Amino acid sequence: QVQLVESGGGLVQAGGSLRLSCVASGDITWSYSMGWFRQAPGKEREFVASISWDTNSVKYKNSVKGRFTISRDGARNTVRLQMDSLKPEDTAVYFCAVGAYSDAREFSYNYAYWGQGTQVTVSS
């Protein structure tokens, strides 16, 4: 059984920073990418960032480029999302996911396992 546990969400003022972390555990038998998605109230879940198994490739949603940074630790089972210059429109529940492939991908159907999510609220 695979488990993903996110942490690091919270309430922050606009312009502030937060760092999200996600640890994957369990029986994952392939070289997997990892990604972050988010879902705001009344909206569809959307891609935020992804990183490949070898960490050489990353992808970002256009609106977070230059503000968010995705990284992965040496053991490959922990992914982080450093979020700077936060805006009220970044408010959402953020989910991490284990990819079904090794390369960084954007769409949710490319991901096999999901965490429960962590709330990020940015006040104006």
Side-chain angles (χ1 to χ4, degrees):
Q1 184 174 354
V2 175
Q3 187 175 21
L4 283 78
V5 179
E6 301 106 333
S7 62
L11 173 64
V12 65
Q13 288 188 330
S17 297
L18 283 174
R19 189 173 77 162
L20 306 182
S21 295
C22 172
V23 180
S25 61
D27 188 20
I28 308 174
T29 60
W30 64 94
S31 300
Y32 53 94
S33 61
M34 295 191 79
W36 287 97
F37 290 73
R38 67 188 182 188
Q39 187 167 17
K43 294 189 176 181
E44 297 285 320
R45 187 174 299 189
E46 64 178 9
F47 168 78
V48 176
S50 62
I51 186 166
S52 59
W53 167 256
D54 62 9
T55 73
N56 288 337
S57 177
V58 296
K59 291 182 183 290
Y60 293 98
K61 176 181 173 63
N62 282 341
S63 64
V64 307
K65 284 180 180 178
R67 300 189 298 121
F68 291 10
T69 303
I70 190 170
S71 63
R72 193 166 183 174
D73 72 345
R76 310 288 174 91
N77 69 331
T78 300
V79 64
R80 294 181 176 87
L81 187 68
Q82 177 67 39
M83 304 186 295
D84 299 318
S85 302
L86 282 160
K87 303 176 181 181
E89 51 263 43
D90 295 318
T91 295
V93 177
Y94 283 70
F95 300 87
C96 74
V98 165
Y101 306 95
S102 61
D103 57 322
R105 299 196 181 193
E106 296 183 24
F107 297 102
S108 59
Y109 56 73
N110 292 309
Y111 291 81
Y113 299 107
W114 295 82
Q116 293 299 306
T118 185
Q119 177 70 47
V120 171
T121 303
V122 184
S123 63
S124 57

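These numbers come from the heavy atoms of this one structure, side chains and all, not from hydrogens, waters or symmetry mates. Predicted model, so just to flag it, every value in this text is computed and none were measured.
Taking hydrophobic clusters as Ile, Leu, Val, Met, Phe, Trp and Tyr residues chained together by side-chain heavy-atom distances below 4.5 Å, Tyr113 does not share a cluster with Val5. Cluster annotation: Met34 and Val58 are assigned to the same hydrophobic cluster (Ile/Leu/Val/Met/Phe/Trp/Tyr, side-chain heavy-atom contacts under 4.5 Å, transitive). Placement of Leu86 and Phe95 in two distinct hydrophobic clusters is found when ILVMFWY residues are connected by side-chain heavy-atom separations under 4.5 Å, directly or transitively.
For Tyr60, the ring pair (Phe, Tyr, Trp, His ring centres under 6.0 Å) criterion is met by no residue, not counting sequence neighbours. Judged as a side chain to side chain donor-acceptor pair (under 3.5 Å), and not counting sequence neighbours, the contacts of Ser52 are Asp54. Every residue was checked against the ring pair (Phe, Tyr, Trp, His ring centres under 6.0 Å) condition with Tyr94, not counting sequence neighbours, and none meets it. Annotation: side chain to side chain donor-acceptor pair (under 3.5 Å) contacts of Ser31 (sequence neighbours excluded): none.
The shortest distance between side-chain heavy atoms of Leu20 and Met83 falls below 4.5 Å. Put simply, the side chain of Pro88 reaches to within 4.5 Å of the side chain of Ser124, judged on heavy atoms. Side-chain contact between Leu81 and Val79: absent, with no pair of heavy atoms (C-beta onward) separated by less than 4.5 Å. Within the 4.5 Å cutoff, the side chain of Gln119 has heavy atoms near those of the Thr91 side chain.
Applying the ring pair (Phe, Tyr, Trp, His ring centres under 6.0 Å) definition to pairs two or more places apart or across chains, those involving residues 8-48 are Tyr32-Trp53, Phe37-Phe47, Phe37-Tyr111, Phe37-Trp114. Residue pairs meeting the salt bridge (Lys or Arg N to Asp or Glu O under 4.0 Å) criterion with at least one partner in residues 33-42, sequence neighbours excluded, are Arg38-Glu46, Arg38-Asp90. Residue pairs meeting the disulfide bond (SG atoms under 2.5 Å apart) criterion with at least one partner in residues 13-124, sequence neighbours excluded, are Cys22-Cys96. Applying the disulfide bond (SG atoms under 2.5 Å apart) rule to pairs touching residues 27-91 yields nothing, sequence neighbours excluded. Residue pairs meeting the disulfide bond (SG atoms under 2.5 Å apart) criterion with at least one member in residues 50-81, sequence neighbours excluded, do not occur. Pairs of residues two or more places apart, or lying in two chains, never qualify as salt bridge (Lys or Arg N to Asp or Glu O under 4.0 Å) while including a residue from residues 72-83. Applying the salt bridge (Lys or Arg N to Asp or Glu O under 4.0 Å) test to residues at least two apart or on different chains, the pairs with a partner in residues 104-115 are Asp103-Arg105.
The two residues Ser33 and Ser102 have their closest heavy-atom pair at CB-O, 3.8 Å. Annotation for Gly117 and Glu6: closest pair N-OE1, 2.9 Å, computed over non-hydrogen atoms. In this structure, Lys43 and Gln39 approach most closely via the heavy-atom pair O-NE2, 3.1 Å.
Summarising the geometry, atom CD belonging to Gln82 is positioned 12.0 Å from atom CD1 belonging to Ile70; distances are rounded to the nearest 0.5 Å.
Under a 4.5 Å side-chain heavy-atom criterion applied to ILVMFWY residues, the cluster that includes Phe107 comprises Tyr109 as well.
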